[in-house]
Participant: 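Quick one: the structure is below, and I'll ask about it shortly.
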Amino acid sequence: MSRTRLFGSLCGLVFLVNFARVVFAPLVGEFIDEFTIREGTAGLIVTLAWLGSASPRIPTGWALTRVSRVSVVLVSGVTLTVGALGVALAPDVTTLMIAAFLVGSASGVYFVAANPFVSELFPDRVGRVMGVHGMASQLAAVAAAPVVTVTLWYDWRYAFYGLALAAAATTVAFVLLARRTDLPAAGESDTEFLAGARSEWKLITAGVVLLGLTSFVWQGLFNFYELYMIDKGLAPATARNLLTVIFAAGVPAFLVSGDLADRLPHVPYILGIVTAFVASIVLAVYATGIVGIVAASLLVGFTIHMLFPAGDTYLLDSLPDATRASAYAVFSAGMMTTQAAGSWVVGEAIEAGVAYDTVFLALAGGLGGLVAVYALLNAIGRVPGGAAHP
């Protein structure tokens with residue numbers, strides 16, 4: 001069986017695990033109304049989904065030194081199925097929080113196992129395949145707001161019933177294809193989790209700080225983007241669909257960035273992306289009129305989604321076979337934990353009476369300072385990580 005077909009099933013699974021994370025954002029307003037909660041609690045629900053994504057990453061990295069990538073991906077599919085059913089059936093906000101955490105944990109298990117697996121299936125074109133894999137994930141983000149819009153005609157819970165059914169079917173397909181495919185042996189030497197992570201601590205730390213804090217800002221921005229746009233005077237339906245604009249801009253960004261990540265030096269390329277993202281936030285704050293707001297939203301979506309394949313390629317291309325899964329798991333856990341608090345922090349600030357514009361400009365300013373520090377460190381050769389392949 002061709003590895004390409006197995007890769008196709010992984011693209012189907014990554015679509016579903018990412019849909020499960022991002023679908024909470026356009027439902028924030030529904031949660032506030034149905035469960036009679038405020039912005040801080042609603043933001044905490046979203047944060048729990050992303051903390052769920054962070055929490056199993058280190059245990060998953062350890063598991064990958066003992067069992068196969070395929071077995072761990074199977075666990076992620078089963079977890080997603082159960083978690084989605086939990087959200088659909090949640091009778092109160094406490095149950096919803098627990099189910100959101102479980103849904104998020106499925107994505108954490110998946111990405112720690114699947115991202116190294118994908119890079120090992122196609123070792124000569126890591127950036128390109130990570131870009132395609134990321135594009136499949138991004139298509140789920142594009143679909144989230146329209147799916148919510150349709151299900152709100154009936155009941156938002158139907159989105160999670162459908163997710164559970166699709167997750168079960170796709171997981172079965174993946175397992176059947178994996179049994180018929182000649183799989184790589186690249187990860188077989190990665191058997192010492194702690195030793196592997198310790199040996200790559202400088203690269204892990206550099207990635208967590210830069211990529212984690214940038215994603216922290218992104219989390220706070222996109223999970224409250226709909227409410228922010230309503231605050232700027234847009235109609236609720238228009239504000240919700242701007243999320244689709246942001247995520248749609250990310251589809252070509254993954255492909256473009258994946259190819260560029262194979263060609264450009266990793267750190268300067270990532271710093272350029274983060275700088276453009278900071279500029280896009282400032283434009284979104286000061287944009288007026290529907291045309292200006294849509295243009296700024298497109299730029300936000302395109303720039304931030306260029307970061308993800310670039311960041312994964314930076315780590316996975318720089319790590320040797322003997323430590324790839326272990327070190328990537330620790331990086332992934334640290335990055336996700338850092339970014340997960342973004343929506344909660346923004347929600348608490350808004351609930352405390354701080355204006356949206358002030359919150360987002362402050363976050364953009366902090367991120368700009370971080371870029372300046374990394375640029376200086378890179379200029380003196382203190383940021384680890386190899387260059388892209390020629």
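Quick note: residue numbers are just sequence positions, from 1. Here the structure is a predicted model, which is why all the values come from computation and not from measurement.
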Participant: What pair of heavy atoms forms the shortest contact from Ser343 to Gly43, and how long is it?
Facilitator: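 The pair with the smallest heavy-atom distance is OG-O, 3.4 Å.
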
Participant: Could you check whether the rings of His305 and Phe254 sit parallel, tilted or perpendicular, using 30° and 60° as the cut-offs?
Facilitator: tilted

Participant: I'd like to know if the side chain of Ser318 reaches the main chain of Leu315, judged simply by a donor and an acceptor atom lying under 3.5 Å from each other, with no hydrogens or angles considered.
Facilitator: no

Participant: Within a 6.0 Å radius of atom CZ on Arg128, are there more than 12 heavy atoms belonging to other residues, nucleotides or ligands?
Facilitator: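 No, because the 6.0 Å sphere around CZ of Arg128 holds 12 heavy atoms or fewer from other groups.
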
Participant: Under 3.5 Å, which donor-acceptor pairs do the side chains of residues 7-30 form with other protein atoms, sequence neighbours left out?
Facilitator:
| from | atom 1 | to | atom 2 | distance (Å) |
| --- | --- | --- | --- | --- |
| Ser9 | OG | Leu6 | O | 2.6 |
| Asn18 | OD1 | Arg21 | NE | 3.4 |
| Asn18 | OD1 | Arg21 | NH2 | 3.0 |
| Asn18 | ND2 | Ser137 | O | 2.9 |
| Asn18 | ND2 | Ser137 | OG | 3.0 |
| Arg21 | NH1 | Ser53 | OG | 3.4 |

Participant: Quick one: does Leu370's side chain get under 4.5 Å of Leu367's, heavy atoms only?
Facilitator: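 Yes, their side chains come closer than 4.5 Å.
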
Participant: Should Leu271 and Leu210 be marked as a side-chain contact (heavy atoms from CB on, under 4.5 Å) after you check the CA-CA gap, both sets of side-chain angles, and the distance that decides it?
Facilitator: CA-CA 9 Å; Leu271 293 179; Leu210 179 57; 4.0 Å; yes

Participant: Same cluster or not: Val67 versus Leu64, using hydrophobic residues (I, L, V, M, F, W, Y) connected whenever any side-chain heavy atoms lie under 4.5 Å apart?
Facilitator: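 Cluster IDs for Val67 and Leu64 match.
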
Participant: Following the transitive rule for hydrophobic clusters with a side-chain heavy-atom cut-off under 4.5 Å over Ile, Leu, Val, Met, Phe, Trp and Tyr, establish whether Leu85 and Leu74 coincide in one cluster.
Facilitator: no

Participant: Ring-plane angle category for Tyr228 and Tyr356, please: parallel below 30°, perpendicular beyond 60°, tilted otherwise.
Facilitator: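 Answer is tilted, since the angle falls between 30° and 60°.
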
Participant: Quick one: does Phe160's side chain get under 4.5 Å of Leu89's, heavy atoms only?
Facilitator: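 They are not in contact (no side-chain heavy atoms under 4.5 Å apart), so the answer is no.
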
Participant: Does Ser280 reach the main-chain N or O of Phe277 with its side chain, forming a donor-acceptor pair under 3.5 Å?
Facilitator: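 Confirmed, Ser280 side chain pairs with Phe277 backbone.
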
Participant: Just by distance, do the side chain of Lys232 and the backbone of Val285 share a donor-acceptor pair under 3.5 Å?
Facilitator: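 Confirmed, Lys232 side chain pairs with Val285 backbone.
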
Participant: For the hydrophobic clusters of this structure (ILVMFWY residues joined by side-chain heavy atoms under 4.5 Å, transitively), does one cluster hold both Leu234 and Ile350?
Facilitator: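 Yes.
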
Participant: Look at the rings of Tyr314 and His266 and say which category their plane angle falls in: under 30° parallel, 30 to 60° tilted, over 60° perpendicular.
Facilitator: tilted

Participant: If you compare all heavy atoms of Gly311 against all heavy atoms of Ile270, which two are closest, and at what distance to 0.1 Å?
Facilitator: CA-CD1, 4.1 Å

Participant: Using atom types as modelled and distance alone, determine if a side-chain donor or acceptor of Glu351 lies under 3.5 Å from a backbone N or O of Gly40.
Facilitator: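 Side chain of Glu351 to backbone of Gly40: a pair is present.
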
Participant: I'd like to know if Val373 and Tyr269 are part of one continuous hydrophobic network [Ile/Leu/Val/Met/Phe/Trp/Tyr, side-chain heavy atoms within less than 4.5 Å].
Facilitator: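 Both belong to a single hydrophobic cluster.
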
Participant: Are the side chains of Val87 and Val103 in contact, using a 4.5 Å heavy-atom criterion?
Facilitator: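 Yes - at least one pair of side-chain heavy atoms lies under 4.5 Å apart.
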
Participant: Do any N or O atoms from the side chain of Thr47 and from the backbone of Trp344 form a donor-acceptor pair under 3.5 angstrom?
Facilitator: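 Yes; at least one donor-acceptor contact below 3.5 Å.
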
Participant: Under 4.5 Å between side-chain heavy atoms, counting indirect links through other Ile/Leu/Val/Met/Phe/Trp/Tyr residues: same cluster for Trp218 and Leu299 or not?
Facilitator: no

Participant: Can you name the closest pair of heavy atoms from Arg3 and Leu121 and give their distance?
Facilitator: NH1-O, 3.0 Å

Participant: Is there a side-chain contact between Leu255 and Val132, using heavy atoms and a 4.5 Å cut-off?
Facilitator: yes

Participant: Please tell me if the side chains of Leu361 and Tyr286 come closer than 4.5 Å, counting only heavy atoms from C-beta onward.
Facilitator: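 Yes. Closest side-chain heavy atoms under 4.5 Å.
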
Participant: Please report the C-alpha distance between Leu363 and Val346 in whole Å, then the side-chain angles of each, then the deciding distance to 0.1 Å, and finally whether the side-chain contact (heavy atoms from CB on, under 4.5 Å) criterion is met.
Facilitator: CA-CA 10 Å; Leu363 291 173; Val346 170; 4.0 Å; yes

Participant: Can Arg5 and Arg180 be said to form a side-chain contact (heavy atoms from CB on, under 4.5 Å), step by step?
Facilitator: CA-CA 10 Å; Arg5 294 187 182 182; Arg180 301 170 59 191; 5.6 Å; no

Participant: Check whether any side-chain N or O of Asn378 sits under 3.5 Å from a backbone N or O of Val383 as a donor-acceptor pair, and report yes or no.
Facilitator: no

Participant: Could you walk me through whether Thr214 and Ile304 pass the side-chain contact (heavy atoms from CB on, under 4.5 Å) test, one step at a time?
Facilitator: CA-CA 9 Å; Thr214 304; Ile304 190 58; 4.0 Å; yes

Participant: Minimum heavy-atom separation for Met130 and Thr313, please, with both atom names.
Facilitator: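 That would be CB-OG1, 4.3 Å.
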
Participant: Do other residues, nucleotides or ligands put more than 12 heavy atoms under 6.0 Å from Phe35 CZ?
Facilitator: yes

Participant: Quick one, Val73 and Tyr110 - any side-chain contact, counting heavy atoms below 4.5 Å?
Facilitator: yes

Participant: Is any side-chain heavy atom of Trp156 closer than 4.5 Å to a side-chain heavy atom of Glu34?
Facilitator: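 Yes, close enough: below the 4.5 Å cut-off.
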
Participant: What are the two closest heavy atoms between Val267 and Pro384, and how far apart are they?
Facilitator: CG2-O, 4.2 Å

Participant: Quick one: does any side-chain atom of Thr337 pair with a main-chain N or O of Gly334 as donor and acceptor, under 3.5 Å?
Facilitator: no

Participant: Regarding Asn241 and Thr238, do their side chains bring together a donor and an acceptor under 3.5 Å, going by distance alone?
Facilitator: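 Their side chains do not contain a donor-acceptor pair, so the 3.5 Å distance test is not met.
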
Participant: Under 3.5 Å, is there a donor-acceptor pair between the side chain of Ser326 and the main chain of Thr323?
Facilitator: no

Participant: Aromatic contact between Tyr328 and Phe331, with the criterion being ring centroids under 6.0 Å apart: yes or no?
Facilitator: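 Yes, close enough.
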
Participant: Less than 4.5 Å apart, any side-chain heavy atom of Val93 and any of Phe31?
Facilitator: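 Not in contact.
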
Participant: Show the nearest heavy-atom pair for residues Arg57 and Gly108, with the distance to one decimal.
Facilitator: NE-CA, 3.5 Å

